[in-house]
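Predicted model, so just to flag it, every value in this text is computed and none were measured. When a ligand or atom number is given, it counts from 1 through the structure's own listing order. Computed over heavy atoms, backbone and side chain alike; hydrogens, waters and symmetry mates excluded.
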Amino acid sequence: MAVAWLKSAFTASDKDLEKAQQFSQRLGSPRRLDEESVNVFVDAWWIFYENQGGITLVADFLNKKRREKGFVGDLNFNKQSGGQLQDVCPANAEAVNGQSPAKRSHARDSGPETSPPKKTKVVKQPSKQQRRTSGKRQRLLQLNNISSTGGSVTNALVAPSCAVIKIKGVEPAALPVTTNAIGEGAAIQQRPHVVSSDLRPHLPQPYSVGPLRQMSSVLDTHEEAPPMPNWIMDDIDIEQTGDLNAADPSIPDNAPPTTGQSAPKPCLQIKPPLWAVSRQEVCESFDWFRSYQGGVYHANGFAKGYLLSAFAASRDIFHHGGQIIISHGGGKWESQHMTRGQVETHLADDQLAQDKSVRALIANYNSKRPLVLLIDDKYALFPFDLSASGITYAVLGFYFISDYWAEYQKASNERGRVVRYKFAFQWCSNQGIPWWLHPNASASPSTHADQGSTILYQYVKQERICLRCQTHSPSVYTQWMCLKPDCSAFWINQHGKSPSEDCLTYNDKFLKLAPEPPCPYRSVDLIPQQPQPHPTDGITTDYVYTRGWRCPSCNRLACRSKWEQWDCPSCGWSLPVQGRTRQASELRGIKMDVGFYDHAITNGSGITQGPSVSYMSNGGQGHYQAFELPHQRGRIIIIHGCLPFGNVDADHIFEEYQKHASSGQLPFRRWPLRAHKLRGTMLTHYFSQNAGAPYQYVGGADNTIPFENVPVVSKARDLIQARLRQALNIQIEFNEVLSCAYMCKQKMAFHSDAEKGLGPIVAGLSLGAPALMHFRPCSRFEPDVNKRGTILSLILRHGDILLMDGSEVQQFYEHTVVPANFRIAATARLISPENAMDGSAKRAIKLEA
Ligand SMILES: O=C(O)CCC(=O)C(=O)O
């Protein structure tokens, strides 16, 4: 009976889609055939011919449907007859084609329940009459014959003298994937889907030659700059946090070993088209991956970049020379965190379809949107040793997600396992052959280059319906299991058990390259836009000038670490920037989008606000305001610039700073942070230069020049000292000034100036755009980060001087500065000779002692 159902439906459905729809409904498919037409047929096919050992389930399923349709009696599973399905109730005899049961076809000719499906003879397509009367089993073939006239994919089948069912009227766009089911053993060759008329692999030319394309055409323009992770602080105490330099937060050091190659890998003989040494270089230069912490970078609900790293799940693979990559969806692995100086272990947890990264990847799958895959040097499945070439990160290229599913993975949590979402990524072939398969990539081309050419396109969409949850799951492994974590049959095989991890083997049909959706991107779309070093308006302080670049000589992605130019730390290639000097008048009027004009004190902070007090200077009248911290821990005073002429000095200093920076006389640099968790060197957000006594916080003696070399800094120091004298009668001669330059969207993270040897008075002059300065209790004072809210916020305007008076201000509080646009600050301190020594001199003294 069941066979007759299938058979009649198959044979009748060659007429049109409507017939196929009827069949789908008879099978009880919950889905409309116009969406999943092909899958219905494939389900039926696999249920009958491929469900090894699962025939009881098939019988249950069909009997349920029979009962719903009003049939009397159930199909009987007859082991003696080798697993055939038989209708034991003669009352149904006439229900199918008016035939007697004896004349009907059987689902299986022979073979025990557990035997694999037999090879099928190819049969001529019978006439309708023949099909009715034939008692022989016919392995019927279904194919989705899609020919795309204007499209890029032509998928043709050649099937001499065989039964073929075509589903007409199904547009390729309506199908989730192009799907073919071919009877095993049938004399059918499926031609490769052809992406262009030229089947020869072509080399990724756009990487090496050709014009650089504007990235803006492929990027979501409203995408915001990703925030720096909040643990990136400029003054993390190394002793307190330990040296975390080697640890990428997405790659715990206790990551399980990646399955795959353990033998030494060959070195790359070429430079990848895009590579980097630090995570920051990737995030600042490459718009497709701007995630400092996670392995998946997503924006607007879609994944844009995916980093393959050491922390592989079991069964992650790098197949067809990397043209099929299977990887877990990212996140929720066991990880170690530093909290208040203590290492805490967070146990691995189940991934959920709603998790942001997983959700974004699924959205890519559903919309056929490609994403970019990157690897780091810890990704064991890549066949070359990146680190031997000094490469930490490399961009592979565009991939689309050909399938996804969930599975259990071993984990050291209470249950011993966690749910992981796995994604199958497939190379977008319009990019040519992958760069690492290029014959020049390897010293021994035979090792890897041939992997790209032995591609089999004979893809069969392998899926089955779970009889419990009635949803499809791909046949990823040789044993089929429901791969929907919400189903009670999830990860349970035909023996009713979870498979043993070691016994799972990929279904080789599943690993064939799938027909691809059209890829809207080309290789050149990966190349970051070449920076514009001399814009027509002369403004070189906008956000885009904070971004890194790709060295056109060696392809390295590099941060912009110098004010006057982009340069490549590997090969020294540089691109000088020629901007114009910005006037303070262009910037000082920028409105701050905050709910206060000058300052805000948080209720309960214990801060006492003093009155606004006037003072006189040679520029006119100014005023200042003091804020007393509780427990006499010191005071914070803001001295506003003098009107009407008091800011003229500040205006000149602002302009002079820019001129000296552009000429190289004042070398503004982004300096390495002393401790951080990212791989590679992490640079400060802002540019800085120290003058006078060395200040360890920004590079010590390495980043310090004498006051004589930078007259503008001396002028800034003089102005600060004059204001302290005029407003507060404080006589002080500072011996150090840290000058910081912030381009648009750069800022200084929370920190305190608590370095040993710093005097109790710290005073900073603000120039250019206004900035918000916030104070909060520091961790020693309030370990609970949730209770460490801002206690005081101030707006620092052009010409203002901010004074922090008292060493306890730094011991108990930390501060951050967030400028509204281009701004320069000169902060003066009095540093004791001991601190003025650089680190090595100090170590030498310690050793002598
Ligand atoms: O930009 C500023 O005004 C902040 C400077 C600062 O916090 C520092 O140098 O420690």
Side-chain angles (χ1 to χ4, degrees), residues 232-237 541 584 587-588 590 592 599 634 636-641 650 653-654 657 661 668-671 673-674 684-700 703-704 713 716-717 719-720 723 734-776 778 790 792-807 809-811 813-831 835:
I232 292 184
M233 312 243 295
D234 294 338
D235 72 335
I236 293 171
D237 180 344
T541 52
L587 298 152
R588 65 176 169 224
I590 292 176
M592 303 296 285
H599 63 264
I636 293 160
I637 302 173
I638 184 157
I639 307 172
H640 298 293
I653 293 171
F654 182 53
Y657 255 118
F668 270 134
R669 298 285 177 267
R670 290 172 68 198
W671 284 91
L673 291 171
R674 292 190 306 179
T684 53
H685 234 189
Y686 52 89
F687 296 83
S688 71
Q689 179 54 236
N690 195 57
Y695 184 27
Q696 305 306 329
Y697 175 54
V698 281
N703 187 25
T704 299
V713 181
R717 180 181 63 167
L719 182 60
I720 295 168
R723 288 276 188 276
F734 294 108
N735 65 352
E736 181 268 354
V737 171
L738 174 67
S739 305
C740 297
Y742 305 84
M743 290 187 189
C744 200
K745 293 197 179 166
Q746 291 186 326
K747 62 177 185 177
M748 192 181 283
F750 269 111
H751 68 286
S752 58
D753 298 9
E755 206 168 282
K756 227 175 159 193
L758 296 193
I761 291 184
V762 178
L765 168 67
S766 284
L767 303 164
L772 263 179
M773 185 172 201
H774 304 287
F775 287 84
R776 71 176 185 191
C778 65
T790 299
L792 173 67
S793 298
L794 298 158
I795 294 179
L796 309 178
R797 295 196 171 85
H798 177 69
D800 286 354
I801 286 161
L802 192 280
L803 174 73
M804 292 180 274
D805 184 12
S807 51
V809 177
Q810 309 298 342
Q811 280 163 26
Y813 300 95
E814 53 190 21
H815 54 277
T816 178
V817 177
V818 187
N821 205 308
F822 174 47
R823 172 175 179 268
I824 293 176
T827 307
R829 299 172 187 81
L830 190 55
I831 299 187
N835 193 70

For this session: I would like to know whether R823 and L796 meet side chain to side chain contact (heavy atoms under 4.5 Å, CB included); could you show each step before the answer?
Result: CA-CA 10 Å; R823 172 175 179 268; L796 309 178; 3.6 Å; yes
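Of all the heavy atoms in Q746 and H685, the pair that sits closest is NE2-O, 2.8 Å. Taking both residues in full, the closest heavy atoms of A820 and M592 are given as CB-SD, 3.6 Å, listed atom of the first, atom of the second, then distance. Contact record, I801 with I720: CD1-CA, 3.8 Å, taken as the closest heavy-atom pair. Among all heavy-atom pairs drawn from K747 and Y686, the shortest one is O-CD2, 3.4 Å. For the residue pair R829 and L738, the shortest heavy atom distance occurs at NH1-CB, 3.6 Å. When all heavy atoms of Q689 and F668 are compared, the pair lying nearest together is N-CD2, 3.9 Å.
Below 4.0 Å from some heavy atom of A825 lie the following atoms of ligand 1, by number and element: 1 (O), 2 (C), 3 (O). Here is the list of ligand 1 atoms found below 4.0 Å of a heavy atom in D753: 10 (O). Atoms of ligand 1 found under 4.0 Å from any heavy atom of L738, numbered from 1 in the order shown, are 9 (O). Near R823, with a cut-off below 4.0 Å to any heavy atom, the atoms of ligand 1 are 1 (O), 2 (C), 3 (O). For ligand 1, the atoms closer than 4.0 angstrom to any heavy atom of H751 are 6 (C), 7 (O), 8 (C), 10 (O).
At least one N/O-N/O distance between H815 and ligand 1 falls below 3.5 Å.
Scanning the protein for heavy atoms near atom 1 (O) of ligand 1, the closest one is Y742 OH, 2.5 Å. Scanning the protein for heavy atoms near atom 6 (C) of ligand 1, the closest one is M748 SD, 3.5 Å. Protein heavy atom in closest approach to atom 4 (C) of ligand 1: V817 CG2, 3.3 Å. Of all protein heavy atoms, the one closest to atom 5 (C) of ligand 1 is T827 OG1, 3.5 Å.
Proximity of R829 to ligand 1, defined as any heavy-atom pair under 4.0 Å, is confined to the side chain (atoms from C-beta onward).
No side-chain N or O of H815 forms a donor-acceptor pair with one of H774 less than 3.5 Å apart.
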